[in-house]
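Working notes, beginning with the structure itself.
Nothing here was measured: the structure is a model prediction, and the numbers come from that model. Heads up: numbering here begins at 1 and tracks the sequence.
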Amino acid sequence: MSKLPAVPLQSNISDSSYKPFPLAPSSSFSPAKLSTKSRKKISQTLKAKYDAYSLPNQSLVNSIEASCKRAKQSEKLEREKLSTLISNARQSLEKRKGNLDDCIGPVLARERMKNKLSEREKNRQLELQFLVEGQRNSIDAIRLKEFLSVRKSKLSFDEYTEKDRERVQDLIDA
């Protein structure tokens, strides 16, 4: 079996550290334009707009970087688990392919035996139909058919005993 190429997994986590939105010098939300006194008077929403352009606390930056590091480590572990799972599946498939070659012989033999038995059953049904059609009247045909249908095929090589053969002969001759 040909080896499948390994699929590289791409990371969705960026390597760059956190930076606030870029602020144009002529922006109306420049924190430099706002005094501390006027900052206390503005609404929470407006404060948030000003804060979006300022650098965050160092503890927040550290927290974001630590979170990013954990996410990368977790993603790396997931990638390793996935590659291990894929390699195990490939090995299992290779092993099964080897075992499959050993199992083909018995499967073919079972299929031949099944076909042989179905052919014998079909021939038996044709023979019974021929015997029933050869009866002189419908009552004899019904009696013979009922007698033969009670005896289901056992799929052995000697289906009828000598007594059964004599009974069939008597029914045919009658």
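A distance of 9.0 Å separates CD in Q135 from CZ in R143, rounded to the nearest 0.5 Å. Note that CD1 of I142 is 9.0 Å distant from CG of N137, once rounded to the nearest 0.5 Å. Taken from NZ in K41 to CG in L46, the straight-line distance is 14.0 Å, to the nearest 0.5 Å. For the atom pair CZ of R124 and CG of L117, the computed distance is 13.0 Å after rounding to the nearest 0.5 Å. The CZ atom of R110 lies 9.5 Å from the NZ atom of K114; values are rounded to the nearest 0.5 Å. To the nearest 0.5 Å, atoms OG (S118) and CE (M113) are separated by 11.0 Å.
When only modelled atom types and interatomic distance are considered, E133 and Q129 share a side-chain donor-acceptor pair under 3.5 Å.
Considering E127, K122, E121 in turn, E121 is the only one that fulfils the side-chain hydrogen bond (donor to acceptor under 3.5 Å, both in side chains) rule with Q125.
The hydrophobic cluster containing F147 also contains L128, counting ILVMFWY residues as joined when their side-chain heavy atoms lie under 4.5 angstrom apart, directly or transitively.
Residues that satisfy the side chain to side chain donor-acceptor pair (under 3.5 Å) test with Q58, not counting sequence neighbours, are N62. Residues forming a side chain to side chain contact (heavy atoms under 4.5 Å, CB included) with K40 (at least two apart in sequence, or on another chain): none.
Contact annotation: the side chain of K76 approaches that of E80 to within less than 4.5 Å [non-hydrogen atoms, C-beta and beyond].
The local environment of CG in L126 is crowded, with over 12 non-hydrogen atoms from other residues, nucleotides or ligands closer than 6.0 Å.
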